[in-house]
Protein chains: 2
Amino acid sequence: MEKQSITIYDVAKKAGVSMATVSRVVNGNPNVKPGTRKKVMEVIDELDYRPNAVARGLASKKTTTVGVIIPDVTNVYFSSLARGIDDVATMYKYNIILANSDGNEEKEIQVFNTLLAKQVDGIIYMGTHLTEKLREQIKRSKTPVVLAGSIDHKNEFVSVHVDYVKAVKEAVNNLLAHGDKRVAFVSGPLNYPINGEYRLKGYKEALDENGIEFDQDLVFETNDSYRAGETLWPALSAAHADAAFVADDELATGVLNGAVDAGAQIPAEFEMITGNDSKLTQIVRPKLSSITQPLYDIGAVAMRCLTKMMNKEDEDLDKTIELQYGFIKRGSTR
Amino acid sequence: MEKQSITIYDVAKKAGVSMATVSRVVNGNPNVKPGTRKKVMEVIDELDYRPNAVARGLASKKTTTVGVIIPDVTNVYFSSLARGIDDVATMYKYNIILANSDGNEEKEIQVFNTLLAKQVDGIIYMGTHLTEKLREQIKRSKTPVVLAGSIDHKNEFVSVHVDYVKAVKEAVNNLLAHGDKRVAFVSGPLNYPINGEYRLKGYKEALDENGIEFDQDLVFETNDSYRAGETLWPALSAAHADAAFVADDELATGVLNGAVDAGAQIPAEFEMITGNDSKLTQIVRPKLSSITQPLYDIGAVAMRCLTKMMNKEDEDLDKTIELQYGFIKRGSTR
DNA sequence: GTGAAAGCGCTAACAA
DNA sequence: TTGTTAGCGCTTTCAC
C-alpha cells in the first residue's frame, strides 16, 4: 500500500477503454472521439491520475528536462541568465536541472556526464573557459548544447552573447574622449577567453584608434570578487591611472568603494565604466556607468535556441548569436 | 543508428555475464566475485557505458533528483540558500530541478505537481507564504518536503530557519539602547507570516520591553525591492523616525541610499539595521549593520534533512530546526 | 556468486 | 477511432 500510485492502466480499466486511448487523451492526440475523451478525462479527475514522467521518458526517449551548468547561482550575472533560461524553459514545458560547477573543469565534466545519464534533452552551459576535454565530450555526446553568456573561442558550438570586443572598445573610447590619458583595464583571469581575448582586444583597439600606446602596467588581472576590487586602489593609483574599464560589476563596486574610501574624487579625478549593468551598479555611490547587456534575454534566447535544436529545427541557426549591448551613463563618468 | 546508446545488455553480452551481474557491479553490490567484477568494469570502460538514469528510476522508483521551488533565483537571499542546497545534494548524489515561482500561488502549485510527475524523491520549498491549497497538496502527496528559510506558521512541515522573532527583537533593542525614540519597522508584505507574524512580533516585544508604545504610523509595508526602499525616505522622515529595522537587504540598501541622497546623516541622525546580511550590506556606504543569518547553511541543513527523510531516517527529526542568527555592527548604527 | 525473468508505467507502431 | 502488443533500460525477486 506504500505510495501505490494509480497508473494509466487503472484509468483505462475504470473508463472502459485501452491504455492507448488514455495515452492519447493525455497527450492531446486528436484521434479520439469527443465522447471517449470526456469519459476518460472524468476518470482521470476522479482518480486524480498524474502521468509518470519517468516512464514516459523511458518510452519516448524524451525527458522534457534540460541541464544547466552554471558557475555559481549566487553570482547575479549568472542567476539573471538562469532566470531567463527557466522562464523560457517553462514556456516550452521543460524543467531545468541546475548544477553549480564553480567554473571548475573536473566538476563541469562530472556534471555534464550525470546530466547525460539523466537523459536530459539538451544542455545550457555557462562558464568562463571551455576546456578541450569538455569540448570533446560535448561533441561526442550528440546532445544539443548551447552556451549562454559564454564564449567559445573556437566557435564550434552555438552560443549567445554580446560583442564583447566592440562593447569594451566603445566604453574605452568613451573614457578616452573625456580626455583620460591612462585608462586601466581591470578584469578577472586573463586566461578566460572572454577577458584575455575579447575584452582585452576591445581595449587595445580603442587605444590604437586614439594613438595611445598599450601599457602592460595598466592591465590588472584579479579574480572577479568585491574584495579583489576593494584592495586594488593603491595599485591603480601607483600606476597613475586616471580611469578604468572594469569587466565585472562586483569587482567594479569593489574598485569604486576602495577608491572612494581612500578619498578619491569620482568621477572628477578617476572615471570608471563597468561591464554587466547588474543591480549592483545602482546601489553604489556614485552609481556606475556601464556597458549594458540584456542578461535575462541572453538566457532566454539561449533556451529558445536549445528548443529549436531539440526539435531539430536548427538548420537555419547561426552558431553565434549576438544580442545588442548598450551603454548607460551614470555617476562614475563625466 | 540515431543516438543508439549502449545498454546494460550490451555490456552483459560482451562480458559474458548476465544483466543482473552487470547491474550488481554498477550498483556496488558486494555479491560479485572480484574476477567477474574486474571483467565487467573493463567492458564498461571499453564500451563507455553510462547507466540510463531514467530506466533506473522507473525500475527502482528512485530518481535521485529533488525539486527546489524558489521565488526568484535572481534574489541573492534565495540563491544563497539554493547554493547550500545544491552542494549538499551533490554530496549525496542528488540533482536538483530548480523552478522559479515568483512567490505566486498558481505557479507554486503548478510547479509542485510537475515535480511530482517527474517523480522527484523530495522537494525543498522556499517561499513567503504557504497557502492552504499547497499545504493540502503537500500533505496528500507523501513526498518529503522541507522548507528552507521559510516559515510554516502552522508548523506542519519540517522547516529550517532562524528565530526571526528574537533576532528582530535584538536588533530593535539595539537601536533603542542607542537612545532612538521612534524606530520604524520596514518590510515587505505583512501578510507574509515571516513579516506580519514573526518579525513584527519581535519588533513589538522590543518596544514593550522598553516601555514604548507601538505606533502604527511607524510600520511601513512595501515590496522587497530596491526601488521601494529608495522612495521611502520622505515618508520615513515625515513620520519623524530616527531609526529603522528593515527586513530585507535589497530594500534596506534602497532606504539607505534614498536617505543619503536626500542628505540625511547616517548614523548620526538616522540609524538602520537590516535583516539578511547578504553581500549588499557591504557594498553601500555607510555599510549596513545587520542581523546575520547562515544563509548557505540554512539551505545545506534543509537538504540534509531531506536526505534523512528520503531514507526514512527521520523519526528523530524535529519539525522546526533553528539555526543561530547573529548581529554585526557596521556603519549604519552608532 | 550468478542467472532468468518479471515487471516499473508509458509510448508507438501496427492492426482492426 | 480504438485496441493489442512490443518494447524503453534497468532493478529485483527467486532459483540455482
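Order of the sequence lines fixes the chain letters, A, B, ..., with proteins taken first and strands second; residue numbering starts at 1 for each chain.
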Checklist entry - Does any N or O in the side chain of B:Lys118 come within less than 3.5 Å of the main-chain N or O of B:Thr63, such that one atom is a donor and the other an acceptor? => result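 Checking the backbone N and O of B:Thr63 against the side chain of B:Lys118, no donor-acceptor pair under 3.5 Å is found.
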For [X] and [N], what is the distance between atoms [atom1] and [atom2] respectively, to the nearest whole Å?
X: A:Tyr9; N: D:dG3; atom1: OH; atom2: P; answer: 13 Å
X: A:Asn29; N: C:dA12; atom1: CG; atom2: P; answer: 10 Å
X: B:Lys33; N: C:dT2; atom1: NZ; atom2: C1'; answer: 9 Å
X: A:Gln119; N: D:dC10; atom1: CD; atom2: C1'; answer: 11 Å
X: A:Lys39; N: D:dT2; atom1: NZ; atom2: P; answer: 14 Å
X: A:Lys13; N: C:dG9; atom1: NZ; atom2: C1'; answer: 15 Å
X: B:Leu47; N: D:dG9; atom1: CG; atom2: P; answer: 14 Å
X: B:Ile8; N: D:dT12; atom1: CD1; atom2: P; answer: 11 Å

Quick test of your reading of the model: are [X] and [Y] salt-bridged, counting only N-O distances below 4.0 Å?
X: A:Asp152; Y: A:Lys319; value: no
X: A:Arg304; Y: A:Asp297; value: no
X: B:Glu156; Y: B:Arg135; value: yes
X: A:Glu132; Y: A:Lys154; value: yes

Item to check | Validation row: B:Phe112, B:Ile123 side chains within 4.5 angstrom (heavy atoms) | outcome: yes
Taking only side-chain nitrogens and oxygens of [X], does any of them come within less than 4.0 Å of OP1 or OP2 of [N]?
X: A:Ser18; N: D:dT2; answer: no
X: B:Arg56; N: D:dG9; answer: no
X: B:Thr21; N: C:dG1; answer: no

Checklist entry - If you look at every strand shown and take non-hydrogen atoms under 4.0 Å, does B:Val54 touch a base, only sugar-phosphate, or nothing? => result nothing
Checklist entry - If you look at every strand shown and take non-hydrogen atoms under 4.0 Å, does A:Val26 touch a base, only sugar-phosphate, or nothing? => result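 A:Val26: no heavy atom of the nucleic acid under 4.0 Å.
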Next on the checklist: Once hydrogens and angles are ignored, does a donor-acceptor distance under 3.5 Å link the base of C:dG3 to the side chain of B:Arg24?
Outcome noted: yes
Checklist entry - How far apart are the C-alpha atoms of A:Arg24 and A:Asn31, what are their side-chain angles, what is the distance that settles it, and do they pass the side-chain hydrogen bond (donor to acceptor under 3.5 Å, both in side chains) test? => result CA-CA 8 Å; A:Arg24 287 192 187 96; A:Asn31 292 345; over 6 Å; no
Every protein N/O within reach of nucleotides 5-8 of chain D N/O, cut-off under 3.5 Å:
unit_1, atom_1, unit_2, atom_2, d
D:dC8, O3', A:Lys61, NZ, 3.1
D:dC8, O2, A:Ala59, N, 3.3

